[in-house]
Structure formats: C-alpha cells, structure tokens
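Numbered from 1 within each chain, the chains take letters A, B, ... in sequence-line order. These numbers were taken from a predicted model, which means no experiment stands behind them.
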There are 2 protein chains.
Amino acid sequence: MGLPRWLNEEEKRAWNAFRSTHALLNQRMDQQLKRDAGLSHLQYEILARLSGAPDRELRMTELASAVQNSKSGLTYQIGQLEQAGLVRRRNCQSDVRAVYACLTDEGMAVLERAAPGHVALVRELFIDVLTPDQLRALADGLGEASRRMLDSDFTADPRTANPDT
Amino acid sequence: MGLPRWLNEEEKRAWNAFRSTHALLNQRMDQQLKRDAGLSHLQYEILARLSGAPDRELRMTELASAVQNSKSGLTYQIGQLEQAGLVRRRNCQSDVRAVYACLTDEGMAVLERAAPGHVALVRELFIDVLTPDQLRALADGLGEASRRMLDSDFTADPRTANPDT
DNA sequence: TACTCGTTGTTCAAATTCGAACTCAACTGT
DNA sequence: ACAGTTGAGTTCGAATTTGAACAACGAGTA
C-alpha cells in the first residue's frame with residue numbers, strides 16, 4: 001500500500017456522524033427501554049428476534065448471530081431473561097446439543113408493551129430526521145457495507161457471522 | 001400518541017443496516033487494532049483525540065465527551081493507557097480539580113504506527129463502499145441526527161453531552 | 001466400528017463498563 | 001469570610017462482555 005490516504009473533510013464528517021449517531025442513539029434507547037420495560041437494548045433485540053421467528057424460538061447460535069453477539073454473551077443474556085421468565089430454553093430431540101430459546105407469553109407481553117415506545121423513539125431520533133433520499137441512500141450504502149463484511153471473513157468466530165433478515 | 005407507526009420495509013432496511021454495519025465495523029476495527037497495535041478501538045480513539053488537541057492534551061471531561069464515554073469509563077481507560085506509558089496525567093495549576101490527559105511521545109508513536117492501517121480499514125469497509133452521493137447523504141443525515149440528540153437533553157450525565165469537532 | 005473433524009452451547013476468569021456515591025475545589029450570593 | 005450549589009475526577013461494587021478452554025455430540029470416512 002502506498003501513502004495512507006487520510007480522510008477528507010466530508011469523509012471525516014460522515015465517519016464521525018456515523019459513530020456519534022450510533023453512540024447517542026444506543027444510549028437513548030438503553031435509557032428508554034430500561035425505564036419503560038426494564039430491558040437493555042440487547043435484551044429487547046433478543047425478544048424482538050424471537051418474536052419474529054417461527055414458533056417464537058431460535059437456536060442459540062442463530063439468535064447470537066441475529067443480534068450479533070458472542071455465543072457466551074448470549075448464554076449470559078438468555079440466562080437473565082430466563083430468570084425473568086421472558087424466555088425459556090428447550091432442548092431439541094433430533095440434536096442433543098441444540099438448545100432453543102423460546103419466547104414465553106410473558107416475554108411476548110413485555111415486548112408488546114415496550115415496542116411502541118421503542119419504535120417511536122427510533123422514528124423520532126433516526127428515521128424522521130432523514131429525508132427520503134437520505135433514508136434510501138443510507139439503506140443502500142450501509143446495506144452494501146454490511147453485506148460485504150458478512151460475505152468475507154468466515155474465519156472470526158467472536159460473533160458468529162450471519163446476515164440479518 | 002396514536003397507533004404506533006411501525007417501520008416500513010425501507011425504514012427497516014435502513015435501521016438494520018445501520019446497526020449491523022456498526023457492529024461489524026466495530027468488531028473489525030477492534031480486531032485489527034488489537035492485533036496491529038495492542039489497542040482497543042476506544043483506546044485508539046482516545047489517542048487520536050489527544051493527538052489532535054492543542055499541546056496534545058485534553059481535560060478528562062472534554063476527552064470523555066469527545067469519545068462519548070462515561071467519566072468513570074474514561075478514568076479507567078486513561079489508567080490503562082498511563083500504565084502502558086502512552087498517556088500521562090498532568091494537574092492544572094489554576095484549577096486543582098482539573099486533570100489533563102497528555103499524549104506522550106511514545107503514545108504518539110504508537111498512534112502514528114496504528115493510524116495508516118486503521119484509516120485504510122475505514123476506507124475499505126466504509127468510505128469506499130459508498131458512492132459520493134451516499135457519502136454526502138450519510139454525512140448530512142446522520143450529522144443532523146446526532147446534532148439533534150446533542151442539542152436536546154442536557155439532563156443525562158452518563159456520558160457527558162458535547163458536540164464532537 | 002473406530003477415527004477424525006467441525007459444531008453446539010456452556011463455563012470460567014479476566015477485562016471492561018456502568019452508575020451512584022463520594023471528595024475536593026471553585027463559584028455564587030450574602 | 002460563609003453557607004449553598006455546582007463541577008471535576010475518582011472510587012467502588014455490581015453487571016456485563018470477552019475469549020479461550022471445555023465437554024458432548026453429529027457427520028463423514030475408512
């Protein structure tokens with residue numbers, strides 16, 4: 001590689017805005033979810049994924065990749081959610097190793113109670129701030145970026161690689 | 001508020017791409033920085049901010065807000081970096097409470113060694129994936145989003161609110 | 001059947017993060 | 001000078017995350 005090509009002003013602006021927005025957004029979502037539903041953002045995400053899955057259940061590894069978390073991290077969170085009664089574990093008869101995380105009715109109820117406020121916040125702080133053009137550009141551009149990262153690199157397992165739906 | 005307005009397909013696409021990209025990107029940067037320079041992404045960010053500041057030093061709180069971390073989190077990280085000799089603390093004579101974190105020559109050297117590879121990766125995985133239009137839309141849209149979040153909410157202190165340069 | 005791989009989910013210790021409480025100073029108004 | 005308030009940075013315990021190591025299986029092959 002030749003000389004390092006530093007970022008120009010607009011590139012810096014984009015990169016900083018991207019990182020800053022994510023940090024702030026995450027902070028707000030965490031606050032709101034914790035306050036309104038006693039959930040961390042990650043926990044919400046887990047419940048949300050489960051709610052959208054067939055039979056409201058997913059295997060640990062699938063779920064881990066869906067929420068882009070490490071296996072051990074998911075084990076921990078599912079443990080928490082299980083204690084709270086929002087999720088339960090189920091074993092698979094065809095594969096003894098497999099464990100399904102299932103959304104309980106109570107978990108579903110909590111999710112349904114939390115979702116409207118969460119979505120409203122996503123709208124307020126993110127979606128509705130963007131013009132339709134910006135929204136599309138963002139979906140296209142970042143969609144491509146994440147796709148490329150997923151397509152390459154089947155090596156690292158810290159977080160199980162997998163496309164999100 | 002009326003009925004919750006759920007996200008339509010494109011909105012979901014944008015939101016998911018945004019979150020997914022950030023997670024993957026962060027993972028890659030962390031990996032690379034750890035491998036090449038023994039730094040976490042956050043530590044790199046800290047060094048980078050310091051390197052761009054007058055006299056290569058910033059007050060703890062300023063730095064915390066610049067890298068969008070909590071005060072206690074920064075205290076911890078500066079402790080680590082100080083042990084590694086990349087940063088040192090300096091007291092201010094005019095204000096006893098104030099503490100400056102200063103980038104050492106060694107810290108600067110480490111940063112200079114890490115920066116090219118880091119920037120190259122940012123380009124490869126983010127900047128260069130986007131079209132010029134997308135880049136501008138992203139800078140504008142997300143810039144606006146983060147600005148709004150910073151402008152509101154002077155209440156929460158978990159992370160000291162402040163615009164980044 | 002025995003053997004070798006690659007997977008699955010968990011465990012464990014160490015590293016990090018979180019947030020509230022705390023310590024001192026600086027500032028404000030008196 | 002004097003209380004009351006605010007701000008800076010640290011401390012501390014609890015919660016979470018990390019990554020490597022592990023145990024227990026499937027699956028493919030000889």
Evaluate the salt bridge (Lys or Arg N to Asp or Glu O under 4.0 Å) criterion for residues Glu144(B) and Arg148(B): first the C-alpha distance (whole Å), next the side-chain angles of each, then the deciding distance (0.1 Å), finally the verdict.
-> CA-CA 6 Å; Glu144(B) 176 63 17; Arg148(B) 287 200 196 182; 2.9 Å; yes
Is the shortest side-chain N/O distance from Asn91(A) to OP1 or OP2 of dG9(C) below 4.0 Å?
-> no
Pair up each side-chain donor or acceptor in residues 75-85 of chain B with any protein partner under 3.5 Å, not counting sequence neighbours, and list the distances.
residue  : atom : partner  : partner atom : Å
Thr75(B) : OG1  : Lys71(B) : O            : 3.2
Glu82(B) : OE1  : Arg89(B) : NE           : 2.9
Glu82(B) : OE2  : Arg89(B) : N            : 3.2

For atom CG of Leu63(A) and atom P of dT10(C), their distance in whole Å | 11 Å
Quick one: Asn69(A) CG to dG9(C) P, roughly how many Å, whole number?
-> 14 Å
For Glu82(A) and dG9(C), give me the distance from atom CD to atom P, rounded to whole Å.
-> 14 Å
Whole-Å distance separating the CZ atom of Arg90(A) from the P atom of dG9(C) | 12 Å
Taking the hydrophobic residues Ile, Leu, Val, Met, Phe, Trp and Tyr, and joining any pair whose side-chain heavy atoms are under 4.5 Å apart, which ones share a cluster with Val96(A)?
-> none
Value in whole Å for how far the P atom of dT17(C) lies from CG of Asn26(A) = 14 Å
Name each donor-acceptor pair under 3.5 Å that joins a side chain in residues 107-127 of chain A to protein atoms two or more places apart or in another chain, with its distance.
residue   : atom : partner   : partner atom : Å
Arg123(A) : NE   : Arg5(B)   : O            : 3.0
Arg123(A) : NH1  : Asp128(A) : OD1          : 3.4
Arg123(A) : NH1  : Glu11(B)  : OE2          : 3.3
Arg123(A) : NH2  : Trp6(B)   : O            : 3.0
Arg123(A) : NH2  : Glu11(B)  : OE1          : 3.0

side-chain contact (heavy atoms from CB on, under 4.5 Å) partners of Ala53(A), counting only residues at least two apart | Leu58(A)
Determine the contact category for Gly73(B): base if any of its heavy atoms lies under 4.0 Å from a base atom, sugar-phosphate if only primed atoms, P, OP1 or OP2 are that close, otherwise nothing.
-> nothing
Residues two or more places apart in sequence or in another chain: which of them pass side-chain contact (heavy atoms from CB on, under 4.5 Å) with Ser72(A)?
-> Ser70(A)
Take the protein atom NE2 of His41(B) and the nucleotide atom P of dT18(D), then report the distance between them rounded to whole Å.
-> 15 Å
Counting primed atoms, P, OP1 and OP2 as sugar-phosphate and everything else as base, the B/S/- map of nucleotides 7-16 of chain D against protein heavy atoms under 4.0 Å is BSBBB---SS
